[in-house]
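This report refers to the structure that appears directly beneath it.
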There are 2 protein chains.
Amino acid sequence: MAGRRAQGMEETREKLLRAARQAFAAKGYAAASMDDLTAEAGLTRGALYHNFGDKKGLLQAVIDRIDAEMAARLRVVGERAETPWQGLLDEYRAYIEMAREPEIQRIVLLDGPAVLGDPSTWPSQNACLAETTRRIRSLVADGAIPPVDPEAAARLLAGASLHAALWVAASDAPETTLERALDAFRRLAEGLSRP
Amino acid sequence: MAGRRAQGMEETREKLLRAARQAFAAKGYAAASMDDLTAEAGLTRGALYHNFGDKKGLLQAVIDRIDAEMAARLRVVGERAETPWQGLLDEYRAYIEMAREPEIQRIVLLDGPAVLGDPSTWPSQNACLAETTRRIRSLVADGAIPPVDPEAAARLLAGASLHAALWVAASDAPETTLERALDAFRRLAEGLSRP
DNA sequence: TCCCTCGACATACACATCGTATGTGAATTG
DNA sequence: CAATTCACATACGATGTGTATGTCGAGGGA
């Protein structure tokens, strides 16, 4: 009742995911050919359609993977901070810096929403967003900041971070621009910590 | 030295822009066929490639048009307010509400960045963003709010608004969600008005 | 007036790509 | 040991983009 090999299947999925991730990042979703990326993985489109359904399914799988990785990185950053509030700020700084990575920016932030629709409707439910929402909720619960809708705040801050990252990435002087963005971001975030 | 008719050219462009706008909004950029939308306008792809170069050029033209309309609407809203600060808040509220319109959301906010790259690199230079940047700059100049980098602030708030709009649009209870988003947005914006 | 060029648009073609339908060989099961 | 099933490959049809070429009407010079 099993296929050619027991662990071969998982390995095939991995190879396809790796190839797709690289192709999508390098050329963008639309310009990435499924023939090319499967060949790169030493397979054909047959394996791809069998494992992921269609091109959108593959993109979804790639995004789920990246999103999980991002959430894990954020969690580490947040827990390393001295205070919960500083943890939140650190997380967003990390988010902005991560969003500058071409792979994340191109696949998750640009092509993802265009192809799959708004992230809030994704099955992965944006692990990354869930992480920051959780953190804001606990800040409110601890009385560290005045009451605020955690999900709403997390979404808006995510949007601000994302745009900041795109701006920084497209800038001529990324370092300077990053500082400008982070300063402005702190100002906005402080709106949450005040009554 | 002119073509078939003197004003025919401009009219052709208009017809194509209208058809493209509708097709892009209804089906999304990728799924919109140039054969179909030109036929809808009573023309062929020949006219399209002659006037706009390629499919991306057409999208750019459509976005420029919509962006200009949005900026004009924002300006009206901002000028109607009692105080400059309230004008800014009103502008963003209007922005969030506009971004719920499927035409704007699909074309400008989702497909635009994916196809043309980050908006800050667009030739239209985002008239809409320029408008809010200008307004923040004048608030700072008047001493109404503490010094802040106007462009950075405008970009972050635009990102927050945009995400808020996507969230609201994808929500089951848009009215409720809109209020949650606007509340959170006010909290963030107030970060700018405090030292 | 006549002809020639030029520009706006239409038509025809070459090429790429996606999704599906079908084929194949190995491994499991009874 | 035969039959089934699963993982993947191959073959095919449909669609869509971009380009190369054709056409027709409108001025400008002789």
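Predicted model only: the values in this text are computed from it and were never measured. Excluded from the calculations below are hydrogen atoms, water molecules and symmetry mates; all remaining heavy atoms, backbone and side chain alike, are included. Lettering follows sequence order; numbering is per chain, from 1.
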Just verifying a value: how many Å separate B:E175 CD and B:R180 CZ, rounded to the nearest 0.5 Å?
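Separation between the atoms: 13.5 Å.
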
Spacing of B:L109 atom CG and B:H163 atom NE2 [to the nearest 0.5 Å]:
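Separation between the atoms: 10.5 Å.
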
Indicate if B:I96 and B:L166 have the same hydrophobic cluster label, given that clusters are the connected sets of ILVMFWY residues with side-chain heavy-atom separations under 4.5 angstrom.
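Different clusters.
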
Does a salt bridge link B:R186 with B:D183, judged by any charged N lying under 4.0 Å from a carboxylate O?
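Salt bridge between B:R186 and B:D183, a charged N being under 4.0 Å from a carboxylate O: yes.
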
Closer than 4.0 angstrom, basic N to acidic O: yes or no for A:E101 and A:R73?
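Counted as a salt bridge, because a side-chain N and a carboxylate O are separated by less than 4.0 Å.
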
Among residues two or more places apart or on two chains, list those pairs meeting salt bridge (charged side-chain N to carboxylate O under 4.0 Å, His left out) that have a residue in residues 55-68 of chain A.
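Residue pairs passing salt bridge (charged side-chain N to carboxylate O under 4.0 Å, His left out), neighbours aside: A:E14-A:R65.
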
Nearest whole angstrom, please: distance from the [atom2] of [N] to the [atom1] of [X].
| X | N | atom1 | atom2 | value |
| --- | --- | --- | --- | --- |
| A:E10 | D:dC8 | CD | C1' | 16 Å |
| B:D54 | C:dA16 | CG | C1' | 16 Å |
| B:F24 | D:dG16 | CZ | C1' | 13 Å |
| A:K15 | D:dA7 | NZ | P | 15 Å |
| B:L59 | D:dT17 | CG | P | 13 Å |
| A:L58 | C:dT17 | CG | P | 16 Å |
| A:E11 | D:dA7 | CD | C1' | 14 Å |
| A:Y29 | C:dT17 | OH | P | 14 Å |

Nearest atoms (heavy-atom pairs only) where [X] meets [Y]:
| X | Y | value |
| --- | --- | --- |
| B:R106 | B:A25 | CG-O, 3.8 Å |
| B:A41 | B:L16 | CB-CD2, 4.2 Å |
| B:I145 | B:S193 | CG2-CA, 4.0 Å |

List in numerical order all residues of residues 41-50 of chain B for which some heavy atom is under 4.0 Å away from an atom belonging to DNA chain D.
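Under 4.0 Å from DNA chain D: B:R45, B:Y49.
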
Are any of A:N51's side-chain N or O atoms less than 4.0 Å away from OP1 or OP2 of D:dC8?
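The answer is yes; a side-chain N or O of A:N51 sits under 4.0 Å from OP1 or OP2.
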
Does B:T12 make a side-chain N or O approach to OP1 or OP2 of C:dC9 shorter than 4.0 Å?
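Yes, such a contact exists.
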
When we call it a touch if two heavy atoms are under 4.0 Å apart, what does B:A32 touch: a base, just sugar-phosphate, or nothing?
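Answer is sugar-phosphate: B:A32 comes under 4.0 Å of backbone atoms only.
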
Check every strand shown and say whether B:D35 touches a base, only sugar-phosphate, or nothing at a heavy-atom separation below 4.0 Å.
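Base contact.
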
From C:dC18, D:dT17, D:dC8, pick the nucleotide closest to the side chain of B:K55?
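Output: D:dT17.
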
Through what angle, rounded to 10 degrees, does the axis of the helix from C:dT1-D:dA30 to C:dG30-D:dC1 turn between its ends, using five pairs per end?
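Result, rounded to 10 degrees: 10°.
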
